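Worth saying up front: this structure is predicted, and the values here are computed from it rather than measured. Here is how names work: the chains are called A, B, and so on, in the same order as the sequence lines, proteins then strands, and each is numbered from 1.
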Amino acid sequence: MAGQTLYDKLWNSHLVKQRDDGSALIYIDRHVIHEVTSPQAFEGLRLAGRAPWRLDTNIATPDHNISTDKTERDAGVAGMSDEVSRIQVQTLDDNCDLYGIKEFKINEMGQGIVHVMGPELGATMPGMTVVCGDSHTATHGALACLAHGIGTSEVEHVLATQCLVAKKMKNMRVTVNGTLGAGVTPKDVVLAIIGKIGTAGGNGHAIEFAGSVFRDMSIEGRMTVCNMAIEAGARVGMVAVDQKTIDYCEGRQFVPKGEMFEQAVAYWNTLTSDADAVFDTEVELVAEDIAPQVTWGTSPEMVSAVTASVPTLDEQPSEEKRKGLERALEYMGLEGGQAIESIKVDRVFIGSCTNSRIEDMRAAAAIAKGRKVAGSVKQVLIVPGSQMVKAQAEAEGLDKIFIEAGMDWREPGCSMCLAMNADKLGAGEHCASTSNRNFEGRQGNGGRTHLMSPAMAAAAAVAGHIVDVRSFTEVV
Amino acid sequence: MKAFTAHRGLVGPMDRANVDTDMIIPKQFLKSIKRSGFGPNLFDELRYLDEGQPGADCSNRPLNPDFPLNFPRYQGASILLARKNFGCGSSREHAPWAIEDYGFNAIIAPSYADIFYNNCFKNGLLPVILSEEQVDILFAELEANEGYQLSIDLHAQTVTTDSGHLFAFEIDEFRKECLLQGLDDIGLTLQEADAIKQYEDARAAQHPWVFGAIK
């Protein structure tokens, strides 16, 4: 019999019951809750006269629609200027208080974007099933968790039963071997993967990222990669446990200590795919072929190397592709054949659950240091992913570097990744963004998003247009 | 949950691939704490010429005359005909809520994003999967025939056209049963409470660090 993949192991160890009709009951270890996708679930629970199955599984925080402006944040929930958003955050607070669910409230140390907060507090640990009403939950798979997004009905289902009804997915392995060049980051790797397999390439699959590039990558970098598995269509992205995983977890708030930690580590070390495991789908990329990536269109698969040009209509293989490209170019205000580096940017956003961790802040600061934002750029938002990232960045003096360069240093939250708060693009504005989706209107009605790495976004802020970060002297 | 057994209705088109959840229901409407009332804001940025605001009355907003679902011939459509990878992007259940609230009972497309597909079943909305060739035929017939209707039978797992096509579709047995009977799947799962408790006790003994740390 063939060996097991990491996904097989995680699935099997959480199987409560396999039903005859092909569906299964899967046990959920950790449930992360935020303000946007939970109110209807709590209401459903109450209407049905049910209570949460288990309290110590849940961890909550507001992130999606809170202000990142310091003055407004200092006024707390009561001071939120958008009344509809205020009610939603207040509802989260009320629900957590009512049931006794642990919540890191709006300005509390520990608060942050759900997918930054969970790992950094040690609330998510290797071998767990982790769910959240947010599609970027795959992020937690960087710690060899089986983690994926769920809808609000499933949020209610998990609250009420601690289980999900699920069907096993197929196994996909994406292998990237070799050594990444200077200026090429985890974001570039995952964008290159999406460019290769497309936004539906991973549909129905759980992806394991394997190969020397991921082994050499920090845990934060692995989170960036797993985060965007959903942009390749896969709900689940994972990296196997190694010593870096264990070192990352050790000492974090909710991680066990002493003997129980040793016991956990012994188990965590089994969380790798067996050498003879068979994957349904295999994809391979070569590290040396990957240049810094930039999206030019309205889907994450519309991505190219920064050195390339926007594709032209006549090089499209099908009528459907041609129509899609035509629509994307019109929305983006770009011409086929135009050099990517010629695209001017109006705003820059460095943040989101993809790229707001401390190493992202450091990478952006390394470019910003001693430079100024180009006069043509209206705004550069630097939004740390959590209170802890913010505190760490300030302890390292990164905030001063950003401010000195003419950038805005903000309070933690999802911010302009999805523009539910006041941070948004105006119609027609181009944004160099470290977030995960370049959909039409995502960052503001009519806004034009170009996804890229934090270093590339900081470089665009300085140059006033998209630019190859490798032309900056400190990138070696 | 409302049941779905069979449906015959007017078809409306959404003729583009990779329709994402931001397109289906833009982010500003996600601030609602209700699960109803999203229909007027379905496809908001494509459907209207101005920018939609949560809570605002949509009846007097300027409609985009070029958006097909605004055409008089598609008013009252209850089956949405779409292209591949429909519903990609976020996990927001507001997307199927908006589609259902608008008046659609079913979607027909060659493929769906996983989370969106799953969310449909929680809301009595049937996402039918047909091949790209079959969907092409339906788009062609829809274009050619005003008042174009289709019949969907979930029991038989078929889509039938008045022109005589009969297309069979696949669906999970469990999901089919839940839709046919309008079952509350939380109630179903809670029937397994003993098995869940047993699993949980064993897990707590084996991996105690998963329990108790967060309080």
- line: Counting heavy-atom pairs under 4.5 Å with chain B, the top scorer among A/His157, A/Glu35, A/Lys102 is A/His157
- prompt: Can you tell which of A/Ile87, A/Val84, A/Val36, A/Leu92 makes a side-chain contact (heavy atoms from CB on, under 4.5 Å) with B/Ile33?
  reply: A/Ile87
message: Please classify the contact between A/Glu301 and chain B as side chain, backbone, both or neither, with a heavy-atom cut-off of under 4.5 Å.
response: side chain
query: Is A/Val16 close to B/Glu192 at the side-chain level, that is, under 4.5 Å between some pair of heavy atoms?
result: no
- request: Look at B/Asp22 together with A/Arg442 and state whether they make a salt bridge at an N to O cut-off of under 4.0 Å.
  value: yes
message: Under a 4.0 Å threshold between the charged nitrogen and the carboxylate oxygen, would B/Arg16 count as salt-bridged to A/Glu440?
response: yes
message: Is B/Pro208 in contact with chain A via its backbone, its side chain, both, or neither, using a 4.5 Å heavy-atom distance?
response: both
task: To the nearest 0.5 Å, tell me how far B/Ile186 CD1 sits from A/Leu45 CG.
output: 7.0 Å
- request: Quick one: pull up SG in A/Cys163 and OH in B/Tyr199 and give me the separation to the nearest 0.5 Å.
  value: 8.5 Å
- prompt: When you look at A/Arg50 and B/Asp184, which way does the salt bridge (charged side-chain N to carboxylate O under 4.0 Å, His left out) test go after all the steps?
  reply: CA-CA 13 Å; A/Arg50 295 177 177 131; B/Asp184 160 23; 3.0 Å; yes
query: Nearest heavy-atom pair of A/Asn203 and B/Ala113: which atoms, and what distance?
result: ND2-CA, 4.4 Å
- line: Between B/Val210 and A/Arg30, the two heavy atoms sitting closest are O-NH2, 4.0 Å
- prompt: With only heavy atoms counted, which part of B/Asp44 is less than 4.5 Å from chain A, the side chain, the backbone, both or neither?
  reply: neither
- prompt: Does a side-chain N-to-carboxylate-O contact under 4.0 Å join B/Lys31 and A/Asp82?
  reply: yes
- prompt: Considering only heavy atoms, which portion of A/Thr91 lies under 4.5 Å from any heavy atom of chain B: side chain, backbone, both, or neither?
  reply: side chain
field: Region of B/Phe116 that comes under 4.5 Å of a non-hydrogen atom in chain A
entry: neither
- prompt: Side chain, backbone, both or neither: which part of A/Ile230 has a heavy atom under 4.5 Å from chain B?
  reply: side chain
- prompt: Hey, are B/Arg92 and A/Asp134 close enough for a salt bridge, meaning a charged N less than 4.0 Å from a carboxylate O?
  reply: no
message: Quick check against the 3.5 Å criterion: does A/Gln40 have a side-chain atom that pairs as donor or acceptor with the backbone of B/Ser32?
response: yes
Which portion of A/Ile101 sits near chain B, non-hydrogen atoms under 4.5 angstrom: neither
query: Do the side chains of A/Val165 and B/Thr189 get nearer than 4.5 Å, heavy atoms only?
result: yes
- prompt: Using the ring of each side chain (for Trp, its six-membered ring), is B/Trp209 parallel, tilted or perpendicular to A/Trp268, with breaks at 30° and 60°?
  reply: perpendicular
query: Minimum heavy-atom separation for A/Trp53 to B/Leu190, with atom names?
result: CZ3-CD2, 4.1 Å
message: For B/Lys176, is the NZ atom crowded, meaning more than 12 foreign heavy atoms sit under 6.0 Å from it?
response: yes
- request: Can you tell which part of A/Phe254 gets under 4.5 Å to a heavy atom of chain B, answering side chain, backbone, both or neither?
  value: both
Heavy-atom proximity to chain B below 4.5 Å, by part of A/His148: neither
message: Between A/Glu154 and B/Asn118, is there a side-chain donor-acceptor contact under 3.5 Å, judged purely by atom types and distance?
response: yes
- request: Report the distance from atom OG of A/Ser299 to atom CG of B/Asp20, rounding to the nearest 0.5 Å.
  value: 8.0 Å
message: Heavy-atom pairs under 4.5 Å with chain B - which of A/Leu55, A/Thr152, A/Asn445 has more of them than the others?
response: A/Asn445
message: Report which part of B/Glu132 has an atom under 4.5 Å of a heavy atom belonging to chain A: side chain, backbone, both, or neither.
response: side chain
field: Approximate separation, where rounding is to 0.5 Å, of A/Gln162 CD and B/Lys197 NZ
entry: 11.0 Å
query: Side chain, backbone, both or neither: which part of B/Gln206 has a non-hydrogen atom closer than 4.5 Å to chain A?
result: backbone
Part of B/Ala193 within contact of chain A (heavy atom distance under 4.5 Å): both
- prompt: Roughly how far, to the nearest 0.5 Å, is the CG atom of A/Asp21 from the CZ atom of B/Arg175?
  reply: 10.5 Å
Side-chain donor-acceptor pair present, A/Arg437, B/Thr21, cut-off under 3.5 Å: no
- prompt: Atom NZ of A/Lys167 and atom CD of B/Glu173: how far apart are they, to the nearest 0.5 Å?
  reply: 10.0 Å
- prompt: For A/Glu156, is it the side chain, the backbone, both, or neither that has a heavy atom closer than 4.5 Å to a heavy atom of chain B?
  reply: both
message: Ignoring hydrogens, what is the shortest heavy-atom contact between B/Leu30 and A/Gln88? Give both atom names and the distance.
response: O-NE2, 2.8 Å
message: Between A/Ile150 and B/Ile115, is there a side-chain heavy-atom distance shorter than 4.5 Å?
response: no
message: Report which part of B/Asn119 has an atom under 4.5 Å of a heavy atom belonging to chain A: side chain, backbone, both, or neither.
response: side chain
message: I'd like to know if A/Glu320 pairs up with B/Lys84 as an ion pair, taking the criterion as any Lys NZ or Arg NE/NH1/NH2 lying under 4.0 Å from an Asp or Glu carboxylate oxygen.
response: yes
- request: Against chain B, label A/Ser13 side chain, backbone, both or neither, depending on which of its atoms sit under 4.5 Å from a heavy atom there.
  value: backbone
- line: When the 4.5 angstrom heavy-atom criterion is applied to A/Ser23 and chain B, the contacting part is side chain
- line: Comparing A/Gln263, A/Met125, A/Glu231 against chain B, the one with the most heavy-atom pairs below 4.5 Å turns out to be A/Gln263
field: B/Phe174 side chain near A/Asp20 side chain, heavy-atom distance below 4.5 Å
entry: no
query: Backbone N or O of A/Gly441 within a donor-acceptor pair of the B/Lys27 side chain at under 3.5 Å?
result: yes
- line: Looking only at heavy atoms, the pair that brings A/Gly151 and B/Glu93 closest together is C-OE1, 3.2 Å
task: With a 4.5 angstrom heavy-atom cut-off, could you sort out which part of B/Arg203 is near chain A: side chain, backbone, both or neither?
output: side chain
field: Structural part of A/Met420 lying under 4.5 Å from a heavy atom of chain B
entry: both
task: Using a 4.5 Å cut-off on heavy atoms from C-beta on, say whether the side chain of B/Ile214 contacts that of A/Thr57.
output: no
message: Tell me whether B/Asp114 is salt-bridged to A/Lys170, with the criterion being a basic N under 4.0 Å from an acidic carboxylate O.
response: no
message: I need the minimum non-hydrogen distance between B/Ser91 and A/Ser135, along with the two atoms involved.
response: OG-N, 3.4 Å
query: Of the backbone (N, CA, C, O) and the side chain (C-beta and beyond), which part of B/Glu51 lies under 4.5 Å from a heavy atom of chain A, both, or neither?
result: both
